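Everything numeric in this text was worked out from a predicted model, so none of it was measured.
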Amino acid sequence: MQASGTSQQTLQAIWRAVRAIPRGQVSTYGSIARRAGLPGRARLVGHALKVAPADLELPWHRVVAAGGRIAFPSTSRAFVEQRRRLREEGVSLQRGRVVSEANLSLDELLWKRP
DNA sequence: TGTATGACCCTGA
DNA sequence: CTCAGGGCCATAC
């Protein structure tokens, strides 16, 4: 087997960070990237989630874009599904956006721009 | 090998 | 709020 572009190690670091988001809380792509030791690589987080094996059962719905926005088009199935799952965990949303700042995970607040 | 695309982010106008 | 522009870079074609 040949290690393709993104090493499994890198992908796993991202998956680990996503798995660490507590229920009822959300984090952002950028924040996850930093937590995984990959600052500035938010895009890779999106990719890692896309290719994540389903059996990992990652809480992908807890990952939103900057500002609490859901990253999918509001008309997509994924959008609806993510919104449903978040509400089910008690996260309030409005116009595709997580409402309360308090709902952003703690590390997101701590890592706020230096 | 080069170009296009994308589950992103940030700053500035 | 929108838009443009720069950064990031793995994949797909």
*Rounded C1' spacing from C:dT11 to B:dT1 in Å*: 15 Å
_For residues 11-20 of chain A, which residue pairs pass the salt bridge (Lys or Arg N to Asp or Glu O under 4.0 Å) check, not counting sequence neighbours?_
none
_I need the CZ-P distance between A:Arg35 and B:dC9, as an integer number of Å._
16 Å
*asked:* With a 4.0 Å limit, can you tell me whether A:Arg41 has a side-chain N or O closer than that to the phosphate oxygens OP1/OP2 of C:dA10?
replied: yes
*Under the criterion side chain to side chain contact (heavy atoms under 4.5 Å, CB included), which of A:Arg83, A:Gln82, A:Glu88 is the partner of A:His61?*
A:Gln82
_C:dC8 to B:dT5 separation - C1' atoms, rounded to the nearest Å_ = 14 Å
*Ignoring backbone atoms, establish whether A:Thr6 has a side-chain N or O less than 4.0 Å from OP1 or OP2 of C:dT11.*
yes
*Interatomic distance at P, B:dC10 relative to C:dC1, whole Å*: 15 Å
Measure all distances between protein nitrogen or oxygen atoms and nitrogen or oxygen atoms of nucleotides 6-8 of chain B, and list the pairs falling under 3.5 Å.
residue, atom, partner, partner atom, Å
B:dG6, N9, A:Arg43, NH2, 3.1
B:dG6, N7, A:Arg43, NH2, 3.1
B:dG6, N1, A:Arg43, NE, 3.3
B:dG6, N3, A:Arg43, NE, 3.2
B:dA7, OP1, A:Lys50, NZ, 3.3
B:dA7, N3, A:Tyr29, OH, 3.0
B:dC8, N3, A:Arg43, NH1, 3.1
B:dC8, N4, A:Arg43, NH1, 2.3
B:dC8, N4, A:Arg43, NH2, 3.4

Pairs of donor and acceptor atoms involving the side chains of residues 62-70 of chain A, under 3.5 Å and at least two apart or interchain, shall be tabulated with distances.
residue, atom, partner, partner atom, Å
A:Arg62, NE, A:Glu89, OE1, 3.0
A:Arg62, NE, A:Glu89, OE2, 3.2
A:Arg62, NH1, A:Ile21, O, 2.9
A:Arg62, NH2, A:Glu89, OE2, 2.8
A:Arg69, NH1, A:Ala66, O, 3.1

*asked:* Just to verify, what does A:Ala48 make a side-chain contact (heavy atoms from CB on, under 4.5 Å) with, not counting sequence neighbours?
replied: A:Leu11, A:Ile14, A:Trp15
*Could you note down all residue pairs passing side-chain hydrogen bond (donor to acceptor under 3.5 Å, both in side chains) where residues 72-81 of chain A supplies at least one of them, sequence neighbours left out?*
A:Glu81-A:Arg84, A:Glu81-A:Arg85
*pair A:Leu49-A:Tyr29: side-chain heavy atoms closer than 4.5 Å*: yes
*Which part of the nucleic acid, if any, lies within contact of A:Arg62, taking any heavy atom under 4.0 Å across all strands shown: a base, the sugar-phosphate backbone alone, or nothing?*
nothing
*Starting at the 5' end of DNA chain C and moving along, which residue's nearest nucleotide shows up first, A:Arg97 or A:Val51?*
A:Arg97
*Expressed in angstrom and rounded to an integer, what is the separation of A:Leu38 atom CG from C:dA10 atom P?*
10 Å
*asked:* Between C1' on C:dC9 and CG on A:Leu11, what's the gap in Å once rounded to a whole number?
replied: 13 Å
